[in-house]
Amino acid sequence: MDKQNEAAEPVEIQDSPSNELPASWVEVMLRGFLRSLVTEQKPAAETSKPAAEVAP
Amino acid sequence: MSGSSGGASAKPKRNSDKIRILVVQLARLGDTLQALMSLRAAKQAFPQLEITMVVRENFADAVKRVPWVHKVHALPTTDFLGPILSGQKNESEMLPFLAQWASPLVQHRWDVLVNWSYSEPSSFLTSLVPAKTKLGYTRGRDLSLTCADDWSCYVQGVVQGDVHQNIHLTDIFTTQLLTALQIEFGEPANAESDAAAAKSFFALQMRPEDQRIYSMFFGKKWVGLQLGTGSAAKTWAPELWAQLADRILERHPEVHLVLLGGAGERDLEDAFYSALKIKDTARLMSLVGKSRFDLWASVVSRCDSVIAADTSVIHLASILGTRVINLSIGPVKAAETGPYGNGHIVLTPANPGVVLRPEAVYGAWSYATYVPLGQLSATTASARPVSLRHHFEELQLSDAIAHTMILRSRIRTPEDGGGVVYEPLVKDSFTMEDWVSLVMGHTARAWYCGWVPPIGQELTRERLAPVLLTQVRGLQAPTVEMIRLCDEGVSLARQIAEKSKGLKSDRIMGVEAKNELQRLSLRLQEVEKKVEALTVEHRVLRGFSQMNRVMLHNLTSEALHDLANETVLCFQRTHDGLKILQNWIQHTLQLARPQAVGSHSKVIPLAPRA
């Protein structure tokens, strides 16, 4: 289970400059999902996660 | 564990109606396997569950092999993230692909959505997908991370809040889901769920080349050694693994060893072979980097026991009913994530910096495997005729268990509180962490299960050391102070509820009412700050202050009056928890009081000073 304890901090969703339309709620959720997946992945990619946890 | 918690009651479905449940598990393989154990218990209790699981593509094979999982929706993380991480595409360009992937989930109307990932990304997905009932992390109206249910508050405030507690995650997941199902859909069809492990858990699909390897695992006693883990801090050195293997091969001619691990563990495998003294390796096979899920699971199911640190194989073996000898090294809380079931062994260094010795692992393994796991039950888990200490004496390895804790798992009866517990085979004195674990676990059961075993049933006088008693005594005053603060919080929130009761709007009110509400709100904020401040000096109280903060963050009402009433309940719940802590303090100190010596009475000494 991922360790975190983010109790009350609102998450800031920033639209990219190319996205001119106002973000719908669905888009905000999708963007939050993708962005947090990227954030989560970055340290792992940089430290070359051992394969044992990627596949048995 | 069983129990009940609050929640809106929907029109109950008939027992024959399908209950469509979506389970989001975007964590690693070990977490996915733990989720499957909880789902099996739920499926046994509610056979009408139609389970769909969202998992990372890398781990989808394990779930696809479970016959009672209806559908697997795999998240191809590499496909989505690879182009972004390499700079080929930006997030906006990848959004349509993600939307397409999520589309089948969003279009479905789920009865229950369970998010067991407890992570940031999964909370967005949970918020996005509609469901009548949600459990786990989601997102609130202000987009902040929000807990959809009581147990999720506990996970955030305590489990992920670095507070010691002793309820296993599998038990938390199971209780959380069964409670919600019971509230929404009535009594389960099968009241007694069978938590026993089963070799037939997966419907495995073997390739011909895998079949050939698998056939070698019949008619011999195999022991699996999983060399690696997901992090260096949790990994046992290959040289120590080699010493253990040498000892087993030398002393047990009937035993064959199989090395398990992914392709990324070939370096460990090389180091292992370099350090191995026994060069006749006819009884040693390596499947490092060679095992797909199906072969891996088949081999683990055929092993007599598996020795591994904190990695997914301990959960796989637990599911399959293979005994685990778990080397709990580094930042691991075995009480939460150790092997689940009866008769597994956990070895952990008593102090940071202590290295587990191969002799200790060997002694624990040889002790545990005396009774086959299949013959163990909750009542016979301690059936070994001699003590562990005596066993080490017989092996002439008594000094090997110094500074090492050796625990054995046991599933408690419902009368004892249920769930898995890890009991020390060598009764050392309780540490403060042990004591806090007991208190927090007890408190959670009182909060969410409605019934708890008597306070302190796990405590015994001979395990109470003076250092612990001093620390417990030091908790008395701050606990009283925090209870007082909670009382004040309840009182202030009640006053706010009372003052706001007659208001037509939270925005339109007289100056006097506005000033009064502001005054009360400011005082309430001060109380919250004081609760937090108290735990800076008294870290043991952190579990309660963090729970208070998480609960206050998860208020759901919009109107001031309703919010105030919810706030009353939060402070009241924290207060109730602190009262339990106070009872534990009193019970512990009472247990340690000097005993009068009568002519026929036996004096039980306290634990010696550390």
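Chain letters run A, B, ... following the sequence lines, proteins first, then strands; residues in each count from 1.
Both the backbone and the side chain of B:Ala99 come within contact range of chain A, judged by heavy atoms closer than 4.5 Å. Only the side chain of B:Leu75 comes within contact range of chain A, with heavy atoms under 4.5 Å apart. Proximity to chain A (any heavy atom under 4.5 Å) is shown, for B:Leu128, by both the backbone and the side chain.
Scanning all heavy atoms of the two residues, the minimum distance from A:Ser36 to B:Pro121 falls at OG-CA, 3.1 Å. Closest heavy-atom contact between B:Leu81 and A:Leu37: CD1-O, 3.6 Å.
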If you apply the rule side chain to side chain contact (heavy atoms under 4.5 Å, CB included), what do you find for A:Val26 with B:Val106, and how did you get there? CA-CA 10 Å; A:Val26 169; B:Val106 176; over 6 Å; no
Go through A:Thr39 and B:Glu120 one step at a time and tell me if the side chain to side chain contact (heavy atoms under 4.5 Å, CB included) criterion holds. CA-CA 10 Å; A:Thr39 307; B:Glu120 183 96 357; over 6 Å; no
Evaluate A:Trp25 against B:Ser127 for side chain to side chain contact (heavy atoms under 4.5 Å, CB included), listing each step before the verdict. CA-CA 10 Å; A:Trp25 181 80; B:Ser127 185; 3.3 Å; yes
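Looking at B:Arg56 and A:Glu40, a side-chain N of the basic residue comes within less than 4.0 Å of a carboxylate O on the acidic one, giving a salt bridge.
Atom CG of B:Leu125 is separated from atom CE of A:Met29 by 11.0 Å, given to the nearest 0.5 angstrom. The distance from the CG atom of B:Leu95 to the CD atom of A:Glu27 is 6.0 Å, given to the nearest 0.5 Å. One finds the CZ atom of A:Phe33 at 8.0 Å from the CZ atom of B:Phe80 (value rounded to the nearest 0.5 Å). Note: A:Leu30 CG to B:Phe97 CZ = 13.5 Å, rounded to the nearest 0.5 Å. Put simply, CG on A:Leu34 and CH2 on B:Trp101 are 11.0 Å apart, with the number rounded to the nearest 0.5 Å. Rounded to the nearest 0.5 angstrom, A:Arg31 CZ and B:Phe124 CZ are separated by 11.5 Å.
B:Pro331 pairs by the side chain to side chain contact (heavy atoms under 4.5 Å, CB included) definition with B:Ala233, B:Lys234, not counting sequence neighbours.
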